[in-house]
Amino acid sequence: MAVLKLKELSKKPDLLTGGHRMCAGCGAPIVVRQVLMAIDEPVIISNATGCLEVATTIYPYTAWKLPWIHSAFENAAATISGVEAMYQSLKRQGKIPADQKIKFLAFGGDGGTYDIGLQALSGALERGHDFMYVCYDNGAYMNTGIQRSSATPFGADTTTSPAGKVLQGKAQKRKDLTKIALAHGVPFVAQASPHNWKDLMTKVQKAMSIEGPKFMNVIAPCNRGWRTQTNDAIELSRLAVNTCFWPLYEVANGVATVTYNPKKNRRPIAEWLKPQGRFKHLFKPENEWMLAKFQELVDDNWRSVVNMHNNSHPGETIDPEEGKTW
Amino acid sequence: MKKVAMTGNVAVANAMRQINPDVCAAYPITPSTEIMQQFSTFVANGQVDTELVTVESEHSAMSACIGAAAAGGRVMNATSANGLALMWEMLYIAAGNRLPIVLSCVNRALSAPINIHCDHSDSMGARDSGWIQIYAENAQEAYDNTIQSVRIGEHPDLHLPVMSCMDGFIISHSIENLELLDDPQVRDFVGPYRGTTYPLLDVNNPVTYGALHLQDYYIESRRQLHEAHKRAKDIVVQVGKEYGKISGRSYGLFETYKMEDAEIGLVALNSAAGTAKVVVDEFRAKGVKAGLLKPRLFRPFPYLEIADALKGLKALCVLDRADSFGAAGGPLFIEVRSALYDLPKRPVTINKIFGLGGRDLGLDDLRKVFEELTTIVDKGPKSLYEYITVRE
């Protein structure tokens, strides 16, 4: 694996070019660029319907300087599996050079991945295609106007889980898609965040060195849906990780590793929720229980991730309560 | 050339083996299951070079076919009924992206109520998706059409997906005597793949598939699909003639049976045409000038040629094995009747919906239809559109 040096990386061409028409301050294109920058081989992308797809390919323009296909919402994984199958077939038949290396990626938002695309993703992971699926998780159907998905956090005010006089935002907790992907027994699964580019890109490099299906879930703040500022995507990613809402970890060939432990940087979840308009109602006095419940959900999830780490690394265990000083 | 006895499904699977596609998707659904099942054996035994993608649904089957065809190779698949319905969204996307996928549709009734037997509600519902649709009377035609579909879809003037249809169970599961071409004959006939102008796998020339077309470009894209369909008719005829040279069986837009001097006639798709031919012969023996037109190409619909072939009739019945609920007749009837509109003198035309969910169409049913046709020339039809083979 090549060493990640900013100076070298800055010389790499942008395969998702500027002027792509994503909103100012969107986390998704940052994620895409970091993923692409970490890969040296030619890449082919299948993109689910969503913000990333509509905004980057308004005909007759395209922001992609690599082969790219969008076919529908729920099938980015099935579509890339067809592309990859054709590559395998033509290579085996000698119709393309044997040394032609190509990496296959699928990108989808949380709606296209956790919800409508889950079946196609599961099928492609099980079949063992040599590809990596990257979910950019902004926690709702942002492209259609901020509707709740199964990735939407507990309590979030969205247009289909509005905080009203009776209901207080989304009643359910999030689906843990990363662990669902892991349950397929695939060789590489990870969670990453764009604020920690080195961690994200190291994971991509590692994934690319492994043959078979890979899944990566990356938090991607959306200032429209989260109701935050356009300049805080990176800061909110950092807070999501330091509050343990979004643990950074990987499971590579069965070895689970927490790749970042917040320790003294650990913060209560309220610090991540506070700047986001979608959680405003959680700070009303009568909703104090919701904040407590949110913290509990976060702590439970962190403990379960740490537990996987500790089982894989009995000599370097992490204390899941470490840094919880408030 | 080899004479064999096999089911329609096995015949189509053998056509696929001889075509040797680069990628196939496989997902089971009665009655088409056997095609991909048989083909999987060819893959397992190394008789084909195909990469088989054993998807988790028909939606993913068509999605994988779209990815594979855009990547730059020959792609085939098979399905029926609800499987085709689940593919619906992707059928339009395959056509819109101009990917020459060949799909064998083994016609079966759509739910509800659930039923596994033949009617044409599946492929008829997909008639506006932009796919070319070709129908087969028997296993021989299903085999021949499968091979021709590859050439038609991949033609540089078309680049269109092709749905090759045959009747579920009636043809798919009945053993018939038929002739298979020799493997090299099929290989030479289909030739090397040339159906994707800008393959995704050409990483040095990156292209974007499936871009967002708004008010300023969408209609032009659909217009191109429209124009391609206008070109398809001649290509279907040309490929059908060429196929005749290697097989002795030429194909056109439709088949006419005793239509030259016919006064009353039927229009029927697929296996019902076989039944109709027997009844035409019976009426001819009685001195009645009866005839049959069996459409082969349904999309694009060769309306000028069909009108011309039917112009001598005094009375006509179009048989539909599908309903278009609430419409002015079944899907085939609507097309045929519209085609006749510009004739200076039109036959009296009626429509019978028959055989839904595999209900048998007997000789007696068609005798009654012909008898009715002999009376309506003077009296006019008592009803334009009605069900037969149904319990009243």
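It should be emphasised that the depicted structure is a prediction, and the values quoted were computed from it without experimental measurement.
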Worked verdict on R127(A) versus E56(B) for side-chain contact (heavy atoms from CB on, under 4.5 Å): CA-CA 9 Å; R127(A) 291 193 298 275; E56(B) 81 298 333; 3.0 Å; yes

From CA spacing to verdict: side-chain contact (heavy atoms from CB on, under 4.5 Å), T56(A), T208(B): CA-CA 10 Å; T56(A) 57; T208(B) 290; over 6 Å; no

Closest non-hydrogen atom pair between A85(A) and V53(B), with its separation: CB-CG2, 3.5 Å

Structural part of V203(B) lying under 4.5 Å from a heavy atom of chain A: both

Contact origin within I80(A) toward chain B - heavy atom pairs under 4.5 Å: neither

Region of E126(A) in contact with chain B, defined by heavy-atom distances below 4.5 Å: neither

Toward chain A, the part of L201(B) with a non-hydrogen atom under 4.5 Å: both

Members of residues 19-47 of chain B whose heavy atoms come closer than 4.5 Å to chain A: D22(B), V23(B)

CG on L90(A) to OH on Y193(B), rounded to 0.5 Å: 10.0 Å

Chain B interface, residue from P60(A), A124(A), A76(A) that has the most non-hydrogen pairs under 4.5 Å: P60(A)

Side chain / backbone / both / neither for E84(A) at chain B, heavy atoms under 4.5 Å: neither

Flag for S57(B)-Q119(A): side-chain donor and acceptor within less than 3.5 Å: yes

Heavy-atom pair count under 4.5 Å with chain A, highest-scoring of M62(B), R74(B), E51(B): E51(B)

Neighbour count above 12 (heavy atom, 6.0 Å) for E211(A) CD: no

Residue K12(A) excluded, over 12 heavy atoms near NZ under 6.0 Å: yes

Residue among P42(A), A77(A), S89(A), S46(A) with most heavy-atom pairs under 4.5 Å to chain B: S89(A)

Aromatic plane relationship, Y217(B) with Y59(A) - under 30° parallel, 30 to 60° tilted, over 60° perpendicular: perpendicular

Option in Q88(A), H129(A), R92(A), K95(A) with maximal non-hydrogen atom pairs under 4.5 Å from chain B: R92(A)

Part of T50(B) lying under 4.5 Å from any heavy atom of chain A: backbone

Closest non-hydrogen atom pair between A64(B) and S81(A), with its separation: CB-OG, 4.1 Å

Within 6.0 angstrom of L225(B) CG, more than 12 heavy atoms from elsewhere: yes

S63(B) to N75(A) - nearest heavy-atom pair and separation: OG-ND2, 2.8 Å

Side-chain donor or acceptor of H70(A) paired with backbone N/O of G210(B) under 3.5 Å: yes

Residues of residues 87-97 of chain B near chain A, each having a heavy atom less than 4.5 Å away: E89(B), M90(B), I93(B)

Straight-line distance of L200(B) CG to I45(A) CD1, nearest 0.5 Å: 11.0 Å

